[in-house]
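Heavy atoms only: backbone and side chains are in, while hydrogens, waters and symmetry mates are out. This structure is a prediction, so every number in the text was calculated from the model and none was measured.
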Amino acid sequence: MPLQQRTIPQDASETSRQVNNILRNLRGEHFRHSRNVQRVPASLPAPLHVNNLPTLPISLIYPSAEDGRRNAATASGHHSTRPVWVAGPDPPRSWTTLSSPKIKEADLADINSPAWRKHALDLVFSPSNAMSVHPPGTSASLRGLQTGGFPTLALLSLHVIRMECSGYELAEIRPYIPPHLRRVLMRHSAINCPLSQIELNAICGEEGHADGELIVVGPHATLRNDHFRRIHSSRESVPEECAAESTWDSLATQESEPSALFSLTLLSTPLTFALSDLPPTITCLTLINIPKPVSLQRLPSYCPLVSLLDLSYNTWLVPVSGEKLLENYPWTKLRYLKVLGLRGCRITSTLLSQVNGGRWDDVDIIH
(Lines give C-alpha, C1' and ligand atoms only; values in the text may rest on other atoms or scores of the structure.)
Protein backbone atom coordinates (compact mmCIF):
# COMPACT_ATOMS: atom_id res chain seq x y z
CA MET A 1 0.00 0.00 0.00
CA PRO A 2 1.68 3.18 -1.11
CA LEU A 3 2.43 5.76 1.55
CA GLN A 4 0.44 8.97 1.28
CA GLN A 5 2.31 12.27 1.62
CA ARG A 6 0.94 14.23 4.47
CA THR A 7 1.28 18.05 4.60
CA ILE A 8 1.70 19.74 7.93
CA PRO A 9 -0.40 22.89 8.12
CA GLN A 10 1.75 26.01 8.58
CA ASP A 11 1.03 28.71 11.09
CA ALA A 12 -0.52 31.95 9.82
CA SER A 13 2.31 34.02 11.26
CA GLU A 14 4.94 31.92 9.48
CA THR A 15 3.09 32.29 6.19
CA SER A 16 2.95 36.08 6.51
CA ARG A 17 6.66 36.13 7.36
CA GLN A 18 7.50 34.26 4.20
CA VAL A 19 5.38 36.66 2.14
CA ASN A 20 7.21 39.64 3.66
CA ASN A 21 10.58 38.06 2.88
CA ILE A 22 9.56 37.48 -0.73
CA LEU A 23 8.36 41.08 -1.08
CA ARG A 24 11.56 42.40 0.49
CA ASN A 25 13.69 40.37 -1.89
CA LEU A 26 11.67 41.59 -4.87
CA ARG A 27 12.07 45.21 -3.77
CA GLY A 28 15.81 44.71 -3.34
CA GLU A 29 16.14 43.18 -6.79
CA HIS A 30 14.11 46.01 -8.32
CA PHE A 31 16.26 48.62 -6.53
CA ARG A 32 19.51 47.02 -7.69
CA HIS A 33 18.20 46.65 -11.22
CA SER A 34 17.22 50.32 -11.41
CA ARG A 35 20.67 51.39 -10.13
CA ASN A 36 22.37 49.18 -12.67
CA VAL A 37 20.31 50.74 -15.45
CA GLN A 38 21.27 54.24 -14.21
CA ARG A 39 24.93 53.12 -13.83
CA VAL A 40 25.08 54.27 -10.23
CA PRO A 41 27.98 52.99 -8.06
CA ALA A 42 27.16 50.09 -5.80
CA SER A 43 28.11 51.91 -2.58
CA LEU A 44 26.19 55.00 -1.48
CA PRO A 45 28.11 58.22 -0.84
CA ALA A 46 28.97 58.84 2.79
CA PRO A 47 27.17 62.22 3.13
CA LEU A 48 23.84 60.56 2.31
CA HIS A 49 24.06 58.54 5.50
CA VAL A 50 24.81 61.55 7.73
CA ASN A 51 21.72 63.30 9.07
CA ASN A 52 23.37 65.96 11.25
CA LEU A 53 25.11 68.01 8.57
CA PRO A 54 24.19 71.73 8.36
CA THR A 55 21.65 72.55 5.70
CA LEU A 56 22.97 76.11 5.21
CA PRO A 57 26.27 77.11 3.60
CA ILE A 58 29.02 76.87 6.18
CA SER A 59 30.38 80.27 5.15
CA LEU A 60 27.01 81.86 5.93
CA ILE A 61 26.93 80.48 9.47
CA TYR A 62 30.64 80.83 10.29
CA PRO A 63 32.43 83.52 8.24
CA SER A 64 35.94 82.67 7.17
CA ALA A 65 39.03 84.25 8.69
CA GLU A 66 39.55 86.38 5.59
CA ASP A 67 36.06 87.85 5.94
CA GLY A 68 36.69 88.51 9.63
CA ARG A 69 39.90 90.41 8.89
CA ARG A 70 38.19 92.38 6.14
CA ASN A 71 35.32 93.33 8.45
CA ALA A 72 37.69 94.31 11.25
CA ALA A 73 39.65 96.57 8.94
CA THR A 74 36.64 98.32 7.44
CA ALA A 75 34.20 98.49 10.35
CA SER A 76 34.76 100.78 13.30
CA GLY A 77 32.99 98.49 15.76
CA HIS A 78 32.91 94.77 16.42
CA HIS A 79 29.96 94.07 14.14
CA SER A 80 30.21 91.42 11.43
CA THR A 81 28.73 91.51 7.97
CA ARG A 82 27.32 88.79 5.74
CA PRO A 83 29.65 87.46 2.99
CA VAL A 84 28.72 89.18 -0.24
CA TRP A 85 29.74 86.27 -2.49
CA VAL A 86 26.91 83.95 -1.40
CA ALA A 87 24.70 83.28 -4.42
CA GLY A 88 20.96 83.82 -4.35
CA PRO A 89 18.76 86.30 -2.51
CA ASP A 90 19.46 87.65 0.96
CA PRO A 91 18.89 85.06 3.70
CA PRO A 92 16.00 85.49 6.14
CA ARG A 93 16.66 87.45 9.30
CA SER A 94 16.30 84.33 11.42
CA TRP A 95 19.42 82.91 9.73
CA THR A 96 21.62 85.89 10.53
CA THR A 97 20.66 86.76 14.11
CA LEU A 98 24.24 86.29 15.26
CA SER A 99 25.53 89.15 13.11
CA SER A 100 24.22 92.59 14.05
CA PRO A 101 23.78 95.20 11.31
CA LYS A 102 26.33 97.94 10.90
CA ILE A 103 25.43 101.44 11.92
CA LYS A 104 25.31 103.92 9.12
CA GLU A 105 27.92 106.67 9.14
CA ALA A 106 25.20 109.28 8.76
CA ASP A 107 23.55 108.08 11.96
CA LEU A 108 26.86 108.10 13.85
CA ALA A 109 27.53 111.67 12.74
CA ASP A 110 24.48 112.95 14.64
CA ILE A 111 25.20 112.69 18.36
CA ASN A 112 21.53 113.31 19.14
CA SER A 113 20.26 110.32 17.17
CA PRO A 114 19.13 107.07 18.83
CA ALA A 115 21.63 105.14 16.72
CA TRP A 116 24.55 107.14 18.10
CA ARG A 117 23.30 106.86 21.68
CA LYS A 118 22.88 103.11 21.27
CA HIS A 119 26.40 102.84 19.87
CA ALA A 120 27.83 104.99 22.66
CA LEU A 121 26.08 103.03 25.43
CA ASP A 122 26.87 99.67 23.89
CA LEU A 123 29.75 99.04 26.28
CA VAL A 124 27.91 99.72 29.52
CA PHE A 125 24.79 97.88 28.30
CA SER A 126 26.75 94.83 27.16
CA PRO A 127 25.60 91.59 28.84
CA SER A 128 29.22 90.46 29.25
CA ASN A 129 29.81 93.38 31.61
CA ALA A 130 26.64 92.89 33.64
CA MET A 131 28.20 90.69 36.32
CA SER A 132 31.26 92.90 36.73
CA VAL A 133 29.17 96.06 37.04
CA HIS A 134 26.26 94.91 39.22
CA PRO A 135 26.41 92.56 42.18
CA PRO A 136 24.58 89.21 42.05
CA GLY A 137 21.67 90.58 44.08
CA THR A 138 20.60 93.10 41.44
CA SER A 139 18.55 92.35 38.35
CA ALA A 140 20.51 91.97 35.12
CA SER A 141 17.89 90.52 32.78
CA LEU A 142 17.49 93.11 30.04
CA ARG A 143 16.73 90.90 27.07
CA GLY A 144 14.46 93.45 25.41
CA LEU A 145 17.35 95.88 24.94
CA GLN A 146 19.54 93.47 22.99
CA THR A 147 20.00 93.81 19.27
CA GLY A 148 17.70 91.60 17.26
CA GLY A 149 15.68 90.48 20.29
CA PHE A 150 11.95 90.88 20.56
CA PRO A 151 10.82 93.35 23.25
CA THR A 152 9.32 91.76 26.30
CA LEU A 153 5.79 92.40 27.48
CA ALA A 154 7.16 94.37 30.43
CA LEU A 155 9.17 96.62 28.12
CA LEU A 156 6.16 97.25 25.88
CA SER A 157 4.07 98.15 28.92
CA LEU A 158 6.77 100.49 30.20
CA HIS A 159 6.99 102.13 26.79
CA VAL A 160 3.25 102.84 26.85
CA ILE A 161 3.55 104.29 30.35
CA ARG A 162 6.47 106.42 29.22
CA MET A 163 4.59 107.81 26.23
CA GLU A 164 1.24 108.40 27.94
CA CYS A 165 2.28 109.74 31.35
CA SER A 166 3.85 113.06 32.20
CA GLY A 167 6.56 113.58 34.76
CA TYR A 168 4.11 114.32 37.55
CA GLU A 169 2.04 111.25 36.68
CA LEU A 170 5.21 109.11 36.70
CA ALA A 171 5.90 110.32 40.22
CA GLU A 172 2.43 109.14 41.31
CA ILE A 173 2.71 105.65 39.82
CA ARG A 174 6.39 105.18 40.71
CA PRO A 175 5.64 103.21 43.95
CA TYR A 176 3.78 100.62 41.86
CA ILE A 177 6.71 99.98 39.46
CA PRO A 178 9.40 97.61 40.81
CA PRO A 179 12.95 98.99 40.90
CA HIS A 180 14.31 96.59 38.28
CA LEU A 181 11.57 97.64 35.83
CA ARG A 182 12.32 101.29 36.47
CA ARG A 183 15.91 100.49 35.57
CA VAL A 184 14.74 98.89 32.32
CA LEU A 185 12.66 101.97 31.55
CA MET A 186 15.64 104.23 32.22
CA ARG A 187 17.86 102.25 29.84
CA HIS A 188 15.22 102.06 27.15
CA SER A 189 14.54 105.79 27.35
CA ALA A 190 18.25 106.66 27.31
CA ILE A 191 18.50 105.24 23.80
CA ASN A 192 15.16 106.00 22.18
CA CYS A 193 13.75 109.05 24.00
CA PRO A 194 15.89 110.51 26.81
CA LEU A 195 14.15 111.46 30.02
CA SER A 196 13.65 115.07 30.95
CA GLN A 197 14.68 116.45 34.31
CA ILE A 198 11.19 116.03 35.77
CA GLU A 199 10.79 112.49 34.42
CA LEU A 200 14.24 111.47 35.66
CA ASN A 201 13.47 112.73 39.16
CA ALA A 202 10.10 110.96 39.09
CA ILE A 203 11.63 107.60 38.17
CA CYS A 204 14.55 107.84 40.60
CA GLY A 205 12.58 109.22 43.52
CA GLU A 206 14.26 109.92 46.85
CA GLU A 207 16.83 107.17 46.29
CA GLY A 208 18.31 109.10 43.36
CA HIS A 209 18.64 106.00 41.15
CA ALA A 210 16.73 102.98 39.87
CA ASP A 211 17.88 99.58 41.11
CA GLY A 212 21.43 100.83 41.64
CA GLU A 213 21.79 102.57 38.26
CA LEU A 214 21.56 106.20 37.17
CA ILE A 215 21.67 107.34 33.53
CA VAL A 216 21.60 111.02 32.63
CA VAL A 217 21.43 112.01 28.96
CA GLY A 218 21.92 115.63 27.97
CA PRO A 219 20.89 118.15 26.98
CA HIS A 220 17.51 116.82 28.18
CA ALA A 221 18.60 116.45 31.81
CA THR A 222 21.47 117.34 34.12
CA LEU A 223 22.34 116.35 37.66
CA ARG A 224 22.09 118.90 40.42
CA ASN A 225 25.35 119.77 42.13
CA ASP A 226 23.95 118.46 45.43
CA HIS A 227 22.33 115.30 44.01
CA PHE A 228 24.51 112.79 45.87
CA ARG A 229 24.59 114.86 49.04
CA ARG A 230 20.79 114.84 49.15
CA ILE A 231 20.78 111.06 48.72
CA HIS A 232 23.19 110.68 51.62
CA SER A 233 21.17 112.99 53.84
CA SER A 234 17.89 111.22 52.99
CA ARG A 235 19.38 107.90 54.09
CA GLU A 236 20.46 109.31 57.41
CA SER A 237 17.05 110.90 58.03
CA VAL A 238 15.14 107.60 57.94
CA PRO A 239 13.10 107.44 61.17
CA GLU A 240 14.15 104.65 63.48
CA GLU A 241 10.61 104.17 64.83
CA CYS A 242 9.31 103.04 61.45
CA ALA A 243 12.09 100.49 61.18
CA ALA A 244 11.30 99.14 64.65
CA GLU A 245 7.58 98.74 63.98
CA SER A 246 8.02 96.77 60.73
CA THR A 247 9.06 93.13 60.86
CA TRP A 248 12.01 91.64 59.04
CA ASP A 249 9.87 89.94 56.36
CA SER A 250 7.35 92.71 55.75
CA LEU A 251 6.98 94.22 52.31
CA ALA A 252 7.18 97.75 53.66
CA THR A 253 10.64 97.08 55.04
CA GLN A 254 11.89 95.73 51.72
CA GLU A 255 10.54 98.71 49.79
CA SER A 256 11.75 101.36 52.22
CA GLU A 257 15.26 99.94 52.52
CA PRO A 258 17.51 102.12 50.30
CA SER A 259 19.79 100.41 47.80
CA ALA A 260 23.27 101.55 46.90
CA LEU A 261 24.33 103.15 43.62
CA PHE A 262 26.53 100.87 41.52
CA SER A 263 26.43 102.37 38.02
CA LEU A 264 26.57 106.03 36.94
CA THR A 265 26.34 107.03 33.27
CA LEU A 266 26.60 110.60 32.00
CA LEU A 267 26.09 111.10 28.25
CA SER A 268 26.47 114.51 26.59
CA THR A 269 25.88 116.34 29.85
CA PRO A 270 28.28 118.44 31.95
CA LEU A 271 29.73 117.26 35.22
CA THR A 272 28.01 119.53 37.75
CA PHE A 273 29.19 117.86 40.96
CA ALA A 274 32.48 117.16 42.67
CA LEU A 275 34.00 113.68 42.46
CA SER A 276 34.21 113.66 46.24
CA ASP A 277 30.40 113.48 46.34
CA LEU A 278 30.32 110.14 44.51
CA PRO A 279 29.43 107.14 46.68
CA PRO A 280 32.25 104.60 47.10
CA THR A 281 29.95 101.75 45.97
CA ILE A 282 30.18 102.69 42.28
CA THR A 283 31.63 99.91 40.12
CA CYS A 284 30.72 101.31 36.70
CA LEU A 285 31.46 104.92 35.75
CA THR A 286 30.65 106.10 32.22
CA LEU A 287 31.51 109.63 31.10
CA ILE A 288 30.79 109.92 27.36
CA ASN A 289 30.93 113.12 25.33
CA ILE A 290 31.41 115.36 28.34
CA PRO A 291 31.69 118.95 27.04
CA LYS A 292 34.35 120.16 29.51
CA PRO A 293 37.49 118.41 30.78
CA VAL A 294 37.15 116.43 33.98
CA SER A 295 39.93 115.93 36.51
CA LEU A 296 39.93 112.24 37.39
CA GLN A 297 43.22 112.10 39.26
CA ARG A 298 41.57 111.52 42.65
CA LEU A 299 38.89 109.15 41.37
CA PRO A 300 40.57 106.03 42.90
CA SER A 301 40.30 107.65 46.32
CA TYR A 302 36.55 108.24 46.03
CA CYS A 303 35.52 105.20 43.95
CA PRO A 304 38.10 102.46 44.54
CA LEU A 305 35.80 99.65 43.34
CA VAL A 306 35.45 100.83 39.74
CA SER A 307 35.71 97.86 37.37
CA LEU A 308 34.36 99.51 34.21
CA LEU A 309 35.46 103.01 33.22
CA ASP A 310 34.26 104.43 29.90
CA LEU A 311 35.76 107.74 28.72
CA SER A 312 34.79 107.41 25.07
CA TYR A 313 34.14 110.23 22.60
CA ASN A 314 35.48 113.02 24.78
CA THR A 315 37.01 115.67 22.54
CA TRP A 316 39.29 116.96 25.31
CA LEU A 317 41.12 113.60 25.30
CA VAL A 318 41.94 113.73 21.59
CA PRO A 319 44.71 116.42 21.55
CA VAL A 320 48.23 115.84 22.80
CA SER A 321 47.29 117.24 26.19
CA GLY A 322 44.56 114.58 26.46
CA GLU A 323 47.03 111.83 25.59
CA LYS A 324 49.40 113.06 28.29
CA LEU A 325 46.50 113.14 30.73
CA LEU A 326 45.75 109.48 30.06
CA GLU A 327 49.40 108.43 30.18
CA ASN A 328 50.03 110.21 33.48
CA TYR A 329 46.88 108.90 35.15
CA PRO A 330 47.46 106.66 38.22
CA TRP A 331 45.98 103.52 36.67
CA THR A 332 47.61 101.24 39.23
CA LYS A 333 45.35 102.66 41.96
CA LEU A 334 42.27 101.28 40.18
CA ARG A 335 42.97 97.74 41.31
CA TYR A 336 39.61 96.31 40.27
CA LEU A 337 39.58 97.81 36.76
CA LYS A 338 38.65 95.21 34.13
CA VAL A 339 37.23 97.16 31.17
CA LEU A 340 38.41 100.56 29.94
CA GLY A 341 36.51 102.30 27.15
CA LEU A 342 38.54 104.78 25.10
CA ARG A 343 36.63 104.87 21.82
CA GLY A 344 37.55 107.89 19.76
CA CYS A 345 40.88 108.28 21.59
CA ARG A 346 44.41 107.49 20.47
CA ILE A 347 45.92 104.46 22.20
CA THR A 348 49.70 104.56 22.53
CA SER A 349 52.12 101.90 23.69
CA THR A 350 52.96 104.03 26.71
CA LEU A 351 49.31 104.11 27.70
CA LEU A 352 49.01 100.33 27.39
CA SER A 353 52.02 99.79 29.61
CA GLN A 354 50.72 102.28 32.17
CA VAL A 355 47.25 100.70 32.33
CA ASN A 356 48.43 97.09 32.56
CA GLY A 357 51.49 97.71 34.71
CA GLY A 358 51.59 95.63 37.89
CA ARG A 359 48.46 93.56 37.08
CA TRP A 360 48.01 89.82 36.88
CA ASP A 361 45.33 90.16 34.18
CA ASP A 362 45.43 92.80 31.44
CA VAL A 363 42.66 95.34 31.27
CA ASP A 364 40.32 94.97 28.29
CA ILE A 365 40.73 98.30 26.47
CA ILE A 366 37.93 99.07 24.00
CA HIS A 367 38.91 101.64 21.37
Side-chain angles (χ1 to χ4, degrees), residues 72 75-79 100 102-130 132-133 145-147 186-187 190-191 194 213-223 262-271 275 278 282-297 299-300 303 306-329 331 334 336-352 354-356 362-367:
S76 58
H78 53 273
H79 305 287
S100 56
K102 293 174 59 179
I103 302 177
K104 297 181 180 180
E105 297 181 358
D107 296 335
L108 291 179
D110 186 10
I111 61 175
N112 295 323
S113 63
W116 188 88
R117 289 193 294 264
K118 181 180 182 303
H119 177 71
L121 299 174
D122 185 39
L123 182 59
V124 66
F125 288 174
S126 175
S128 59
N129 300 324
S132 62
V133 172
L145 297 178
Q146 304 305 322
T147 304
M186 181 181 296
R187 286 194 168 195
I191 296 177
E213 186 169 11
L214 177 60
I215 304 174
V216 184
V217 180
H220 307 82
T222 56
L223 280 183
F262 298 101
S263 177
L264 174 61
T265 300
L266 301 180
L267 176 63
S268 303
T269 183
L271 196 67
L275 293 180
L278 293 176
I282 290 181
T283 58
C284 173
L285 181 60
T286 303
L287 305 175
I288 299 178
N289 194 28
I290 304 300
K292 296 182 179 180
V294 179
S295 179
L296 301 175
Q297 297 295 327
L299 177 64
C303 302
V306 170
S307 61
L308 189 151
L309 179 61
D310 194 357
L311 303 175
S312 303
Y313 304 117
N314 288 310
T315 56
W316 42 275
L317 291 177
V318 176
V320 180
S321 59
E323 297 179 5
K324 296 297 182 180
L325 179 63
L326 293 176
E327 294 177 357
N328 298 330
Y329 186 81
W331 297 106
L334 294 176
Y336 298 94
L337 186 63
K338 298 180 180 179
V339 181
L340 177 61
L342 293 176
R343 293 168 294 177
C345 305
R346 185 172 178 268
I347 307 300
T348 60
S349 57
T350 305
L351 177 60
L352 293 177
Q354 291 291 336
V355 173
N356 297 320
D362 292 343
V363 177
D364 189 7
I365 301 178
I366 310 298
H367 59 88

Side chain to side chain contact (heavy atoms under 4.5 Å, CB included), paired with Leu340, selected from Leu123, Leu309, Val306: Leu309
Side-chain touch Arg117/Pro114, heavy atoms, less than 4.5 angstrom: yes
Counterpart residues, salt bridge (charged side-chain N to carboxylate O under 4.0 Å, His left out), relative to Arg343 (two or more places apart): Asp310
Minimum heavy-atom distance Ala221-Val216, with the two atoms named: O-CG1, 3.4 Å
Shortest non-hydrogen contact from Ala190 toward Pro194: O-CG, 4.2 Å
From CG (Leu264) to OG1 (Thr286), nearest 0.5 Å: 8.0 Å
Stepwise side-chain contact (heavy atoms from CB on, under 4.5 Å) test for Tyr313 and Ile111: CA-CA 10 Å; Tyr313 304 117; Ile111 61 175; over 6 Å; no
Residue list, side-chain hydrogen bond (donor to acceptor under 3.5 Å, both in side chains) with Tyr329, at least two apart or on another chain: none
Residues in side-chain hydrogen bond (donor to acceptor under 3.5 Å, both in side chains) contact with Thr269, at least two apart in sequence or another chain: none
Note, Asn328 side chain near Gln354 side chain (heavy atom, < 4.5 Å): no
Nearest heavy-atom neighbours spanning Ser295 and Leu275: O-CD1, 3.0 Å
Closest approach of Val318 to Gly344 (non-hydrogen atoms, all atoms of both residues): CG2-O, 3.7 Å
Contacts of Thr348 that satisfy side-chain hydrogen bond (donor to acceptor under 3.5 Å, both in side chains) - sequence neighbours left out: Glu327
Polar side-chain atom of Thr283 near backbone of Phe262 as donor-acceptor pair, under 3.5 Å: yes
Contacts of Asn314 that satisfy side-chain contact (heavy atoms from CB on, under 4.5 Å) - sequence neighbours left out: Ile290, Leu311, Trp316, Leu317
Interatomic spacing from CD1 in Ile215 to CG in Leu267 - rounded to 0.5 Å: 9.5 Å
Pairing residues for Ile347 by the side-chain contact (heavy atoms from CB on, under 4.5 Å) criterion, not counting sequence neighbours: Leu342, Leu351, Leu352, Ile365, His367
Distance (rounded to the nearest 0.5 Å) between Leu121 CG and Trp116 CH2: 8.0 Å
Spatial distance of atom CG (Leu337) from atom CG (Asp362) [nearest 0.5 Å]: 11.5 Å
Residues Phe125, Thr265; criterion side-chain contact (heavy atoms from CB on, under 4.5 Å); working and verdict: CA-CA 11 Å; Phe125 288 174; Thr265 300; 5.6 Å; no
Separation of Leu266 CG from Thr222 OG1 (nearest 0.5 Å): 10.0 Å
Nearest-0.5 Å distance that lies between atom CG in Leu296 and atom CG in Leu334: 9.5 Å
Intermediate values then yes/no, side-chain contact (heavy atoms from CB on, under 4.5 Å), Leu214 and Leu223: CA-CA 10 Å; Leu214 177 60; Leu223 280 183; 4.0 Å; yes
Side chain to side chain, Ile288 and Val124, heavy atoms closer than 4.5 Å: no
Donor-acceptor pair, side chain of Asn356 and main chain of Val363, under 3.5 angstrom: yes
